[in-house]
Amino acid sequence: MRLSTIPLATLREDPADAEVPSHRLLARAGYIQKIAAGIYVYSPLMWRTLRKVSNIVREELEREGAHEILMPILQPKEIWEQSGRWARYLAEGLMFHMVDKRGSEVCLGPTHEEVVTTYIKRIIKSYKQLPINVYQIQDKFRDEIRPRFGLMRGREFLMKDAYSFDIDEAGLDASYRAMDRAYRRIFERCGLAFRAVEADSGAIGGSGSQEFMVLAETGEDAILYCEESGYAANVEKATSIITATPDGGAPKELEKHETPGIKTVDQLVQFFGMEAARMAKTVIYNATYADRVEPIAVMMRGDLEINEVKLCGIVDALAVGLADEETVKRVTGADVGFAGPIGLQGNVRLIADLTLEGATNLLTGCCETGYHCLNVNPGRDCPKPDYRDVRLARAGERSPDDKGALVETRGIEVGHIFKLGTKYSSAMDATFIAEDGKPTPFVMGCYGIGVSRTAASAVEQNHDDSGIVWPRPIAPFEVVVAILDAKRSEQVELGEKLYTELVAAGIDTCLDDRKMSPGAKFKDLDLLGFPLRVVVGRRAGEWMVEFSHRATGDKADILAAEVLDRVRT
RNA sequence: CGGGCAGUAGCGCAGUCUGGCUAGCGCACCAGCUUUGGGAGCUGGGGGUCGUGGGUUCGAAUCCCACCUGCCCGACCA
């Protein structure tokens with residue numbers, strides 16, 4: 001490819017709306033152009049990189065026996081009603097949807113469980129045809145609440161999604177492990193530093209899941225890991241071992257104390273001179289279900305934090321969030337800041353963290369403005385709460401296997417693998433005839449990779465002050481041959497010759513034959529980030545060129561005849 | 001959806017507070033001459049519904065109202 005022939009406009013200044021390096025650099029180097037919020041054109045160079053990522057994905061999935069298909073973007077409401085997700089996705093405002101000429105409702109696919117389940121169930125009738133794993137690489141559409149960071153969170157983005165169908169859980173385990181292997185090879189081949197972590201399965205549902213995180217400062221997810229044991233999890237999911245809750249002693253008589261204006265744990269520590277670990281804060285949440293919103297009271301040790309993702313899973317809600325002031329007043333009968341397990345109105349569900357199980361003589365709110373209670377003993381003074389793990393794990397705490405301390409880092413989620421089980425196959429009546437002759441729902445798994453996000457995260461992880469430094473396997477071109485002065489025939493001739501030879505040798509090469517000043521060309525090529533650069537300049541007459549590596553900046557004048565060898569090593 | 005901010009040339013911005021003449025600057029673009037190894041110089045040139053609609057006024061980029069779009073901070077996900 002000749003750079004002079006492609007639409008390419010690099011910007012000298014950073015785009016005003018770009019915050020993270022990948023967005024800033026991809027936009028400035030002309031790889032992407034924004035058409036609307038979260039919607040981008042991929043330039044020829046960007047598309048080459050996306051195709052390279054896609055091809056690595058294809059090779060590694062096919063190696064594990066998956067087969068590529070292409071499913072429709074436009075999907076009918078009916079199949080989403082079968083799975084029960086139409087209302088949910090609409091309610092969450094996640095889905096682009098519209099009404100066609102006939103009045104039928106359709107959506108732009110945010111994911112493809114419904115389509116693939118429909119597809120497979122009509123074809124696969126017998127256990128003898130299983131297992132099956134199909135995948136596609138295609139644009140997905142999600143009406144994100146806040147698109148941001150360029151390709152990191154778009155409303156239309158390129159994604160690989162794979163779906164496995166198995167006879168039973170053991171089969172699913174094998175399919176899941178195959179995808180785990182494939183994913184590790186994929187991200188390794190892309191040249192990325194990543195970590196696989198335990199994850200919450202969220203909106204997709206299912207039993208187990210793992211996320212693949214590219215490590216980057218700007219990552220939107222926090223992850224905790226243990227160097228000693230290899231434990232790694234998204235903070236949403238992470239558990240830890242912490243110091244035991246201090247013993248409260250034998251239950252004492254309940255006391256009510258006037259605490260005017262005292263609302264926070266810190267203030268209570270001051271006021272009562274009692275350590276925060278012996279307090280239980282009670283937080284009122286609203287849990288949203290398909291048909292209702294229900295308040296929930298959650299008790300947590302005063303020095304610890306509530307993990308809302310865990311809470312959402314425990315109460316099996318679509319979403320949970322802090323209750324508004326009005327709800328708090330209604331549920332507790334008191335101002336915000338005085339909620340407690342005692343005196344909750346109506347039948348509010350009470351959940352307490354495991355760290356509070358067996359704790360005695362706690363300090364809590366007592367649902368009365370201006371008062372707190374001492375020596376609260378759950379089960380005696382209030383209904384016995386449902387003890388569950390709702391605690392947010394934190395760096396510095398012990399890994400759940402007790403082999404070391406947890407360390408926090410940030411990551412970009414580029415892949416996610418799920419064991420779905422029979423959630424969709426049961427709901428959509430997708431069955432096969434098992435060996436015993438009975439109709440049996442498929443045991444499914446689903447496996448996603450954000451292809452465009454992977455490319456962006458590669459930039460996030462590989463750049464310097466001058467621009468992008470593409471990992472070689474996914475660079476738009478491995479080598480650029482740059483003609484410095486297009487007016488000098490010996491430079492043009494040598495550049496053309498080298499370009500032709502490299503291409504003929506199967507090296508992924510482009511020719512920078514653009515007419516621009518040498519300084520501008522150097523800056524531009526640094527910004528574009530091709531791994532290897534061959535400059536045909538003033539020594540072209542002696543068949544000498546400059547060979548350099550973008551990543552290290554190492555440069556050497558070499559004979560033109562040596563270029564091919566250098567590129568191959 | 002809540003809170004904050006912003007829309008002026010392809011990009012980055014000034015001008016708006018305090019209304020006034022032909023709406024400016026840098027980059028990019030076009031032409032010519034010079035230059036030619038780290039974003040080159042000079043000269044000339046093209047490009048604008050000042051987000052949209054309404055209002056106030058002799059006069060609106062500037063003041064008022066509504067709407068649209070985008071950005072940033074919070075609940076989602078590949």
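Small disclaimer: the values here were computed from a predicted structure and weren't measured. In what follows, every chain begins at residue 1, and chains take the letters A, B, ... in the order their sequences are listed. Atom set for the values below is all heavy atoms of this structure, side chains included, hydrogens, waters and symmetry mates excluded.
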Q: Please figure out whether A/N234 or A/V535 has its closest RNA chain B nucleotide nearer the 5' end.
A: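 The residue closer to the strand's 5' end, by nearest nucleotide, is A/V535.
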Can you tabulate the close N/O pairs, meaning under 3.5 Å, that link protein atoms to atoms of nucleotides 40-46 of chain B?
{"unit_1": "B/A40", "atom_1": "OP1", "unit_2": "A/S517", "atom_2": "OG", "d": "3.2"}

**Q.** Interface with RNA chain B, restricted to residues 29-47 of chain A and to heavy atoms under 4.0 Å
**A.**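 Residues of residues 29-47 of chain A that come under 4.0 Å of RNA chain B are, in numerical order, A/K34, A/A37.
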Q.
Does the plane of the ring in A/F194 sit parallel, tilted or perpendicular to the ring in A/F212? Use 30° and 60° as the thresholds.
A.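 Rings of A/F194 and A/F212: tilted, 30 to 60°.
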Select base, sugar-phosphate, or nothing to describe what [X] touches, counting heavy atoms under 4.0 Å on all strands.
X: A/R533; result: base
X: A/E144; result: base
X: A/I145; result: base

Strictly by Watson-Crick or wobble contacts shorter than 3.5 Å, is anything paired with [N], and which nucleotide is it?
N: B/G74; result: B/C1
N: B/U18; result: none
N: B/G46; result: none
N: B/A23; result: none
N: B/U62; result: none

(Q) Looking at A/D221 and B/C77, is any side-chain donor or acceptor paired with a base atom of the opposite kind under 3.5 Å? (A)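 Yes.
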(Q) Tell me whether A/F157 and B/A78 count as stacked here, given that the ring centres must be under 5.5 Å apart and the planes must differ by less than 30 degrees. (A)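 Stack criterion met.
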Q. Between the side chains of A/Y225 and A/T409, is a donor N or O closer than 3.5 angstrom to an acceptor N or O?
A.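 No donor-acceptor contact under 3.5 Å links the two side chains.
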**Q.** A/R148 vs B/C72: side-chain N/O to OP1/OP2 distance below 4.0 Å
**A.**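 So the side chain of A/R148 is outside the cut-off, no N or O lying under 4.0 Å from OP1 or OP2 of B/C72.
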For the pair made of [atom1] in [X] and [atom2] in [N], what is the distance, rounded to whole Å?
X: A/L8; N: B/G39; atom1: CG; atom2: P; result: 19 Å
X: A/R155; N: B/U69; atom1: CZ; atom2: C1'; result: 11 Å
X: A/M516; N: B/G37; atom1: CE; atom2: C1'; result: 13 Å

**Q.** Sequence-distant partners of A/K555, side-chain hydrogen bond (donor to acceptor under 3.5 Å, both in side chains), two or more places apart
**A.**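 Scan of A/K555 (side-chain hydrogen bond (donor to acceptor under 3.5 Å, both in side chains), adjacent residues dropped) gives none.
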